[in-house]
Amino acid sequence: LHEDGFVSCFDPNLEWLEGSTSIGGSNFEHVWAIAVDPFDDSVYIGGVSQSSDYPTTPGAFDETSNSGFDGFISKLDADLTTLLASTRLGGAGSTYVQALGVDPNGGVWASGRTSADDFPNFEDPDDPLWSTYANELYFTYDDVFLSHLDDTLSELIHSIHMSGSYDQAIWDLVVDWEGYFPPGAEEPTIPAESPVIYLVGTADRGGTGESRFYTFPDAYDRIAHNND
């Protein structure tokens with residue numbers, strides 16, 4: 001199959017197609033995620049590409065093909081006429097970018113799943129986004145990841161894995177811009193100084209009993225139900 005990704009923009013009443021573009025290379029692309037920057041209306045898209053010639057931009061974080069299935073993040077202008085930035089994201093295994101969110105302080109958050117044991121991972125205990133549960137990686141199956149890139153897609157700011165004993169997948173990501181309230185403030189600061197990132201997905205626990213995916217001791221539910 002040789003499938004291109006696409007991005008389309010409609011007016012609020014769905015009466016006019018205001019912009020539409022294909023994006024891809026010589027093989028196939030699936031676009032699964034989109035996020036719009038409210039400051040300049042630029043459009044981030046993410047997905048997976050099997051094309052060695054998927055378009056990247058000079059100076060991107062990763063311009064070269066890593067495997068048969070690379071994740072990608074691309075940034076277009078509001079009219080969908082100009083590719084502003086584009087990078088691959090992955091390693092020597094399959095990587096799928098499945099969710100995106102714009103950071104109020106600049107750049108984009110990306111999440112998805114990967115089987116690449118060399119997927120970029122920050123292992124700095126002083127980094128507030130590095131957690132002890134990310135030390136244990138199970139790359140026989142897919143792990144989920146959370147990565148933060150700058151708005152030019154040239155710098156990887158943070159990147160971690162979340163692992164379990166079997167497969168995991170991410171289906172959505174939300175960056176809570178209004179989650180930071182300064183002391184004594186009646187309204188949150190925007191842009192948020194410390195945005196909170198929420199992920200939702202699926203974790204195969206490999207059987208019933210206590211979940212093998214990371215949960216907090218006081219979590220609402222720590223039990224595996226019907227394997228997922």
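Just so it is clear, the model here is predicted, and its values are computed rather than measured.
- No side-chain heavy atom of Ile23 sits less than 4.5 Å from a side-chain heavy atom of Phe6.
- With contacts defined as side-chain heavy-atom distances shorter than 4.5 Å, the pair Cys9/Leu17 does not qualify.
- Hydrophobic clustering, with ILVMFWY side chains joined whenever heavy atoms are under 4.5 angstrom apart, groups Val108 together with Phe119.
- Nearest heavy atoms, Val97 versus Ala110: CG1-CB, 4.2 Å.
- Looking at heavy atoms from C-beta onward, Ser159 lies out of side-chain contact with Leu146 at the 4.5 angstrom threshold.
- With sequence neighbours excluded, the residues forming a side-chain contact (heavy atoms from CB on, under 4.5 Å) with Ala33 are Leu100, listed by chain and number.
- When hydrophobic clusters are built by joining Ile, Leu, Val, Met, Phe, Trp and Tyr residues whose side-chain heavy atoms come closer than 4.5 Å, directly or via intermediates, Val31 is not grouped with Ile73.
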ask   = How far apart are the C-alpha atoms of Leu173 and Tyr198, what are their side-chain angles, what is the distance that settles it, and do they pass the side chain to side chain contact (heavy atoms under 4.5 Å, CB included) test?
value = CA-CA 6 Å; Leu173 178 158; Tyr198 293 91; over 6 Å; no
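- Every side-chain contact (heavy atoms from CB on, under 4.5 Å) that Val43 has, sequence neighbours left out, goes to Val7, Ile34, Val36, Ile45, Leu80.
- Taking every heavy atom of both residues into account, Leu84 and Ser42 meet most closely at CD1-CB, 4.2 Å.
- Contact of the Phe61 side chain with the Leu153 side chain is not registered, since no non-hydrogen atoms from C-beta on lie closer than 4.5 Å.
- Judged by the 6.0 Å and 45° rule, Arg113 forms a cation-pi pair with Tyr96.
- Between Ala92 and Ala116, the shortest heavy-atom distance links the atoms N-CB, 3.7 Å.
- Phe145 CZ to Leu89 CG: the interatomic distance, rounded to the nearest 0.5 Å, is 5.0 Å.
- Contact of the Asp150 side chain with the Ile157 side chain is registered, since non-hydrogen atoms from C-beta on lie closer than 4.5 Å.
- Summarising the geometry of Ser74 relative to Leu83, their closest heavy-atom pair is CB-CD1, 4.0 Å, with the distance given to 0.1 Å.
- The two residues Tyr44 and Lys75 make their nearest non-hydrogen contact at OH-NZ, 3.5 Å.
- Interatomic distance, CG of Leu76 versus OG1 of Thr21, reported as 6.5 Å (0.5 Å rounding).
- In this structure, Gln98 CD and Thr114 OG1 are separated by 10.5 Å, a value rounded to the nearest 0.5 Å.
- Between Trp109 and His158, the two ring planes are parallel [angle under 30°; tilted spans 30° to 60°].
- Hydrophobic clustering, with ILVMFWY side chains joined whenever heavy atoms are under 4.5 angstrom apart, groups Val144 together with Val175.
- Side-chain contact between His148 and Leu156 is absent, with no heavy atoms from C-beta onward closer than 4.5 Å.
- With Ser51 contributing its side chain and Gly24 its backbone, the two residues share no donor-acceptor pair below 3.5 Å.
- The list of salt bridge (Lys or Arg N to Asp or Glu O under 4.0 Å) pairs with a residue in residues 22-51, not counting sequence neighbours, is empty.
- Proximity of a side-chain donor or acceptor of Asp77 to a complementary backbone N or O of Thr81 within less than 3.5 Å is detected.
- Put simply, the side chain of Ser115 gets close to the backbone of Ser94: a donor and an acceptor are under 3.5 Å apart.
- Here the straight-line distance linking atom NE2 of His30 with atom CD of Gln50 works out to 9.5 Å at 0.5 Å rounding.
- Between Thr95 and Val48 the shortest side-chain heavy-atom distance does not fall below 4.5 Å.
- No donor-acceptor distance shorter than 3.5 angstrom exists from the side chain of Thr56 to the backbone of Ser86, with no hydrogens or angles considered.
- In this structure, Arg88 and Ser65 have side chains that are in contact, with non-hydrogen atoms separated by less than 4.5 Å.
- Follow the hydrophobic side-chain contacts under 4.5 Å out from Ile160 and you reach Leu149 in the same cluster.
- Asp53 places a side-chain N or O within donor-acceptor distance of the main-chain N or O of Ser26, the cut-off being under 3.5 Å.
- In this structure, the separation between CG on Asp70 and OG on Ser52 is 10.0 Å, given to the nearest 0.5 Å.
- Residues Ser49 and Tyr54 come closest through the heavy atom pair OG-CB, 3.5 Å.
- Under a 3.5 Å cut-off, the side chain of Glu15 and the backbone N or O of Asp11 do not form any donor-acceptor pair.
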